[in-house]
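Please read all numbers here as calculations on a predicted model, not as lab measurements.
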Amino acid sequence: MKAKILLAGIAALPFAAQADGFDYTYVEGGYLSSSTDVGPFSVDGDGLGIRGSFGLNDTLNLFADYSTEDFDFGVSTSAFDVGAGGHWGLKDNLDFVGEVAWIRLEADSGNASASDDGLGVSGGLRYRANDKVELQGMLNYADVSDSDTSFGFSGRYYFSKAFALGAGLLFNDGDTAWNIGVRAGFKGH
């Protein structure tokens, strides 16, 4: 369960990387909310997340994420991941995005704590509908304590070439998570 809850926090953040016209050098942060079923109970949590990405060239980027959430029943979680991504233009305004990351998950319930680390792999599409709207869908796989697969969808509305408001949804074996946040880009989208 803790791996699913923590992965939801990570994967709910809008994922990104860089190709022609897309910005892969940015910082973003926002509010997270997650819900998971644990036996007959539904456990809800909310918190904050931040992500940074640095475009190395026209195809590769490095990134890091950190998120923290407080859940029902006094459980708090944090997640950190660092990795590399690649992005390849399939046609104008459409990129294939792939990422590989090392993931560190921690959970604390006051009396007990647990932590684990593992690997994650993501792949999907990033699409620019017009100068203001960008959409992204990602399939995510993580192997931390146990293996887990999720699907995330996010969108951004650019108020300028450097600033955007974003939102995302994550679906994971009956669990859901959502986020809303802001992005500051450094190369323009």
Participant: Of all residues at least two apart in sequence or in a different chain, which pass the side chain to side chain contact (heavy atoms under 4.5 Å, CB included) check with Val27?
Facilitator: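 Val27 satisfies side chain to side chain contact (heavy atoms under 4.5 Å, CB included) with Ile50, Phe186 once adjacent residues are dropped.
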
Participant: Once side chain to side chain contact (heavy atoms under 4.5 Å, CB included) is applied, do any residues pair with Ala129, and if so which ones, sequence neighbours excluded?
Facilitator: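 Applying side chain to side chain contact (heavy atoms under 4.5 Å, CB included) to Ala129 gives Tyr127, Val133.
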
Participant: State which residues pass side-chain hydrogen bond (donor to acceptor under 3.5 Å, both in side chains) with Asp117; sequence neighbours excluded, sorted by chain then number.
Facilitator: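 side-chain hydrogen bond (donor to acceptor under 3.5 Å, both in side chains) check on Asp117 returns Trp102.
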
Participant: Working note: Tyr66 + Ser78, criterion side-chain contact (heavy atoms from CB on, under 4.5 Å); need CA distance, chi angles, decisive distance, verdict.
Facilitator: CA-CA 7 Å; Tyr66 176 77; Ser78 64; 3.7 Å; yes

Participant: Looking at residues at least two apart in the chain, or sitting in another chain, which of them share a side-chain hydrogen bond (donor to acceptor under 3.5 Å, both in side chains) with Asp70?
Facilitator: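 With neighbours one apart ignored, the set is empty.
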
Participant: What residues, two or more places apart in sequence or in another chain, satisfy side chain to side chain contact (heavy atoms under 4.5 Å, CB included) together with Leu139?
Facilitator: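 Expected list: Thr149.
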
Participant: Among Val43, Asn172, Asp44, whose side-chain contact (heavy atoms from CB on, under 4.5 Å) with Thr36 holds?
Facilitator: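 Output: one option passes, namely Val43.
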
Participant: Applying ring-ring contact (aromatic ring centres under 6.0 Å, His included), can you list everything that pairs with Phe159, at least two apart in sequence or on another chain?
Facilitator: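 Here the qualifying residues are Tyr157.
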
Participant: Go through the side-chain N and O atoms of Asp108 and Ser76 and say whether any donor and acceptor fall under 3.5 Å apart.
Facilitator: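 Asp108 vs Ser76: no donor-acceptor pair found between side chains.
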
Participant: Under the side-chain hydrogen bond (donor to acceptor under 3.5 Å, both in side chains) test, which residues partner Asp46, sequence neighbours left out?
Facilitator: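 Listed in chain order: Tyr31.
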
Participant: Using the test ring-ring contact (aromatic ring centres under 6.0 Å, His included), find all partners of Phe151 that sit at least two apart in sequence or belong to another chain.
Facilitator: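 By the ring-ring contact (aromatic ring centres under 6.0 Å, His included) rule, Phe151 matches no residue at all.
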
Participant: When you compare the side chain of Leu56 with that of Asn61, does any pair of heavy atoms fall below 4.5 Å?
Facilitator: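 A side-chain contact under 4.5 Å is absent here.
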
Participant: Leu90: which residues meet the side chain to side chain contact (heavy atoms under 4.5 Å, CB included) condition with it, sequence neighbours left out?
Facilitator: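 By the side chain to side chain contact (heavy atoms under 4.5 Å, CB included) rule, Leu90 matches Leu94, Phe96, Leu125.
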
